[in-house]
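To start, the structure under review is shown below, and the notes come after it.
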Amino acid sequence: MATIKQNDLIESLAAALQYISYYHPLDYIDSLAQAYQSEKNPAARDAIEQILMNSRMCAEGKRPLCQDTGIVNVFLKVGMGVRWEGFTGSIDDAINEGVRRAYTLPENKLRASVVADPQFERKNTRDNTPAIVFMELVPGDTLEVHVSAKGGGSENKSALVMLNPSDSVVDAVLDKVASMGAGWCPPGILGIGIGGTAEKAVLMAKEALMEDIDMSEIRRLGPQNPLEALRMNLCDKINALGIGAQGLGGLTTVLDIKIRMYPSHAASKPLAIIPNCAATRHAHFIMDGSGPVYLSPPPLSAWPNVKWQADTEKSRRVNLDTLTKEEVASWQPGQTLLLSGKLLTGRDAAHKRIQDMLAKGEPLPVSFANRVIYYVGPVDPVGDEAVGPAGPTTATRMDKFTDMMLAQAGLIAMIGKGERGTAAIASIKKHRSAYLMAVGGAAYLVSKAIKHARIVGFADLGMEAIYEFEVEDMPVTVAVDSTGISVHETGPRQWREYILQHIPRS
């Protein structure tokens with residue numbers, strides 16, 4: 001009979017959360033490396049190379065894979081023979097202390113992203129607590145722990161559809177994936193739950209994301225049952241959409257499809273879909289009462305030998321400090337740029353506050369006139385870093401503020417990840433502005449281009465404060481040019497046609 005001590009659980013969870021902040025699962029690295037080798041679209045191949053390079057840098061430097069270090073999900077399978085010792089509060093309290101320790105560890109600070117009040121004040125808890133905890137009683141006398149840190153960009157693309165029993169799961173999934181855009185940072189994994197009730201389907205989809213990637217093995221051996229056949233069929237049809245890495249168009253949008261099922265009411269067929277992003281973070285360990293559990297580091301030799309470097313010959317260098325509207329208007333869709341100089345940052349909370357201040361006629365803390373804004377909420381720096389990992393956040397969340405920022409605040413360009421919506425593109429075209437895309441999932445790599453950082457507004461917002469970054473050769477791609485052409489529309493369309501003509505259907 002295992003006796004689980006409070007401090008052992010806290011320490012094991014804190015160590016696991018640190019581990020997954022900088023180590024990708026090796027099955028993900030293997031699958032992504034295969035996608036890199038087979039990719040035909042140079043832009044998508046470059047994005048995957050950046051993600052692989054970032055992953056190795058994080059494994060070496062023990063710094064977060066992504067600036068969004070996620071909201072913590074903990075799944076406990078509690079053996080019915082387990083005893084608990086030394087707990088001064090609930091199991092949830094112990095888990096939250098583990099989260100607190102992991103996210104505030106001085107040598108590898110993780111970003112606090114959780115707000116205590118989701119509807120009204122939305123104040124950051126500053127330590128990423130509380131976690132989302134699920135517990136299940138099972139036979140046995142051990143404690144099995146699955147932990148994940150789920151990024152907001154991919155979580156926001158989750159979907160629940162209540163299908164009729166005769167409806168096609170394949171059609172419903174394809175419809176949802178086609179509308180997801182690229183804010184979830186593909187290529188990644190889709191977790192799917194079929195059956196049960198609404199909440200059971202969503203729970204199964206989330207749990208499925210923590211299973212090992214085995215799609216290449218299914219292809220090699222052939223599907224062994226109807227579920228494997230469905231997974232492979234969905235994988236092939238989703239990739240045939242041509243969305244590709246970062247939504248730029250390409251051969252690989254998903255690396256695997258994971259499905260769990262449960263009996264349902266005869267009148268129902270719930271379907272839940274949850275994507276996992278390029279910062280796939282999860283771990284599994286078992287506690288038997290012998291003390292804390294520490295996961296073994298993977299060998300660095302497991303990473304492919306990629307050495308991404310900015311293409312200084314093909315990329316156009318841009319001086320942000322002398323940038324003009326006329327120069328912005330000369331950028332071409334799909335063109336790669338290397339940015340140097342000073343730019344401002346801002347995301348959801350900052351944009352809302354700017355909106356309120358402009359409406360009241362109040363002066364802004366910093367002028368945005370003729371400036372470029374980067375949609376980012378960085379990790380705090382450690383050591384001699386100017387800033388911690390600082391990759392882009394999903395740009396569509398700022399779409400409703402875009403016209404205000406261009407027309408009233410005076411911005412001339414924006415940087416984020418994923419596509420822009422119809423209204424934002426119309427505003428970009430109207431103001432002869434541009435939207436630039438940085439690679440989601442390459443946050444530590446991007447941060448190396450940031451030489452200085454200081455908060456210039458809304459310091460109380462924590463990671464959502466307005467920073468001024470001084471950057472040197474920061475790599476971006478022109479995703480929407482001043483005429484409104486979007487590579488997130490032209491790229492996937494081109495590669496859908498390529499796949500239709502060149503890739504045999506299974």
Side-chain angles (χ1 to χ4, degrees), residues 20 24-25 27-28 31-32 35 66 68 70-77 131-134 136 144-163 169-218 225-239 241 243 252-262 264 269-284 440-441:
I20 65 175
H24 267 130
D27 60 327
Y28 175 81
S31 296
L32 192 62
C66 181
D68 182 353
I71 185 169
V72 176
N73 293 256
V74 180
F75 297 83
L76 302 179
K77 291 182 182 284
I132 310 299
V133 182
F134 301 93
E136 178 184 0
E144 187 174 352
V145 182
H146 289 264
V147 59
S148 72
K150 192 67 163 60
S154 60
E155 187 72 3
N156 288 348
K157 300 298 183 177
S158 303
L160 172 67
V161 186
M162 301 303 290
L163 299 179
V169 165
V170 172
D171 290 347
V173 171
L174 290 174
D175 180 64
K176 289 298 177 183
V177 172
S179 66
M180 276 183 188
W184 61 282
C185 288
I189 303 152
L190 284 191
I192 294 175
I194 305 173
T197 53
E199 74 281 5
K200 178 66 174 177
V202 173
L203 181 59
M204 290 190 295
K206 181 63 68 67
E207 289 179 297
L209 288 174
M210 294 183 287
E211 297 175 6
D212 290 341
I213 298 172
D214 62 353
M215 185 53 65
S216 61
E217 187 75 359
I218 291 175
N225 53 59
L227 186 60
E228 289 187 353
L230 175 60
R231 287 174 54 201
M232 193 168 81
N233 183 27
L234 277 169
C235 198
D236 289 344
K237 288 186 173 179
I238 290 170
N239 285 333
L241 295 173
I243 295 168
T252 304
T253 302
V254 289
L255 302 171
D256 203 345
I257 304 291
K258 293 299 184 181
I259 301 176
R260 290 195 178 187
M261 298 194 296
Y262 196 83
S264 66
K269 189 160 67 173
L271 171 69
I273 307 162
I274 304 180
N276 228 1
C277 64
T280 293
R281 292 169 296 221
H282 61 85
H284 168 237

Quiz item: Between Asp256 and Val254, does a side chain to side chain contact (heavy atoms under 4.5 Å, CB included) hold up when you go through it step by step?
Solution: CA-CA 6 Å; Asp256 203 345; Val254 289; over 6 Å; no
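The shortest distance between side-chain heavy atoms of Val177 and Leu241 falls below 4.5 Å. Residues Arg281 and His24 fail the side-chain proximity criterion, which asks for heavy atoms closer than 4.5 Å.
No donor-acceptor distance shorter than 3.5 angstrom exists from the side chain of Asp27 to the backbone of Asp212, with no hydrogens or angles considered. A donor-acceptor pair under 3.5 Å links the side-chain atoms of Asn156 to the main chain of Gly152, judged by distance alone. The backbone N or O of Glu217 lies less than 3.5 Å from no partner atom in the side chain of Asp214, so there is not a single donor-acceptor pair. A donor-acceptor contact shorter than 3.5 Å links the side chain of Ser179 to the backbone of Lys176.
What you find for Ile274 and Glu155 is that their closest heavy atoms are CG2-OE1, 4.1 Å. The two residues Pro25 and His282 come nearest to each other via the heavy atoms CG-NE2, 3.8 Å. In this structure, Leu230 and Val170 approach most closely via the heavy-atom pair CD1-CG2, 3.7 Å. Summarising the geometry of Thr252 relative to Pro187, their closest heavy-atom pair is O-CB, 3.8 Å, with the distance given to 0.1 Å.
Annotation: Phe134, atom CZ; neighbour count of heavy atoms from other residues, nucleotides and ligands within 6.0 Å is above 12.
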